[in-house]
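Everything on this sheet refers to the single structure shown next.
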Amino acid sequence: QVQLVESGGGLVQAGGSLRLACAASGPTFSRYTMAWFRRAPGKEREFVAALTRSGDNTYTQDSLKARFTISRDDAGNTAYLQMNSLKPEDTAVYYCAAGSSLAPREYGYSYWGQGTQVTVSS
């Protein structure tokens with residue numbers, strides 16, 4: 001069992017940056033692929049980025065690659081999402097997830113956090 005808690009969301013102006021953190025409980029964090037998803041108002045949850053347990057493979061949504069970076073600190077049981085040059089369309093609830101494969105779909109992940117709100121003002 002892994003419990004995930006996101007933090008770092010908030011209100012930011014367009015062009016600004018935020019770093020989201022996902023703190024995981026339990027000693028098995030390093031065994032999981034970690035991912036970030038987001039759900040914008042009125043839309044379905046969508047894949048943002050994922051990082052394998054080894055940290056050597058990442059998969060980021062093409063449209064976000066230039067601005068978003070996923071990383072992890074296994075010693076600290078934490079995954080991160082660095083978001084730069086934020087746009088109003090990045091406004092969403094961002095969710096952290098843990099799973100066993102580098103999948104861009106929700107079914108690839110067994111454990112989910114409650115989400116953190118990111119609001120980008122124009």
_Ring centroids only, cut at 6.0 angstrom: are Y32 and Y109 within range, meaning strictly under it?_
no
*asked:* If we ignore hydrogens and angles and just use 3.5 Å, is the side chain of T116 paired with the main-chain N or O of S7 as donor and acceptor?
replied: no
*Assign the ring pair Y59 / F47 to parallel, tilted or perpendicular, where the plane angle (0 to 90°) is split at 30° and 60°.*
tilted
_Is any side-chain heavy atom of M34 closer than 4.5 Å to one of Y80?_
no
_Please determine whether a side-chain nitrogen of the Lys or Arg among D90 and K87 lies less than 4.0 Å from a carboxylate oxygen of the Asp or Glu._
no
_Between N57 and L51, is there a side-chain heavy-atom distance shorter than 4.5 Å?_
no
*asked:* Quick check: closest heavy atoms across G115 and V93, and the distance to 0.1 Å?
replied: CA-CG1, 3.8 Å
_Spatial distance of atom CZ (R105) from atom CZ (R45) [nearest 0.5 Å]_ = 13.5 Å
_Face-on cation placement of R39 at Y94 ring, 6.0 Å and 45° thresholds_ = no
*Report yes if some heavy atom in the side chain of S17 is under 4.5 Å from a heavy atom in the side chain of M83; otherwise report no.*
no
*Hey, can you tell me if W112 and Y95 have their rings parallel, tilted or perpendicular (30° and 60° cut-offs)?*
perpendicular
*asked:* Around atom CD of Q117, are there more than 12 heavy atoms from other residues, nucleotides or ligands closer than 6.0 Å?
replied: yes
*Counting heavy atoms not belonging to Q114, are there more than 12 under 6.0 Å from its CD?*
no
_Note, L86 side chain near L18 side chain (heavy atom, < 4.5 Å)_ = yes
*Any idea which heavy atoms bring V2 and T28 closest together, and the distance?*
CG2-OG1, 3.9 Å
*Would you please say whether a donor-acceptor pair under 3.5 Å links the side chains of D73 and T78?*
no
*asked:* With a 3.5 Å distance limit and no angle check, can you tell me whether R72 reaches the backbone of F29 through a side-chain donor-acceptor pair?
replied: yes
*Are L64 and V48 close enough that some pair of their side-chain heavy atoms sits under 4.5 Å apart?*
yes
_For P104 against F37, the heavy-atom pair lying closest together_ = O-CE2, 4.3 Å
*Transitively linked via ILVMFWY side-chain contacts under 4.5 Å: L81 with Y111?*
no
*What's the spacing between Q82 CD and L20 CG if we round to 0.5 Å?*
8.5 Å
*Considering all heavy atoms of both residues, which atom of T60 and which atom of A49 are nearest to each other, and what is their separation?*
OG1-CB, 3.7 Å
*Exam field: side chain S122 to backbone P88, donor-acceptor pair closer than 3.5 Å*: no
_Between D74 and R53, does the salt bridge (Lys or Arg N to Asp or Glu O under 4.0 Å) criterion hold? Intermediate values first, please._
CA-CA 9 Å; D74 286 348; R53 59 184 185 178; over 6 Å; no
*Hey, are the side chains of S121 and L11 touching, using non-hydrogen atoms and a 4.5 Å cut-off?*
yes
_Least distance between heavy atoms, L102 atom then A50 atom_ = CD1-CB, 3.5 Å
_Pairwise distance CG(D62) to NZ(K65) - rounded to 0.5 angstrom_ = 4.5 Å
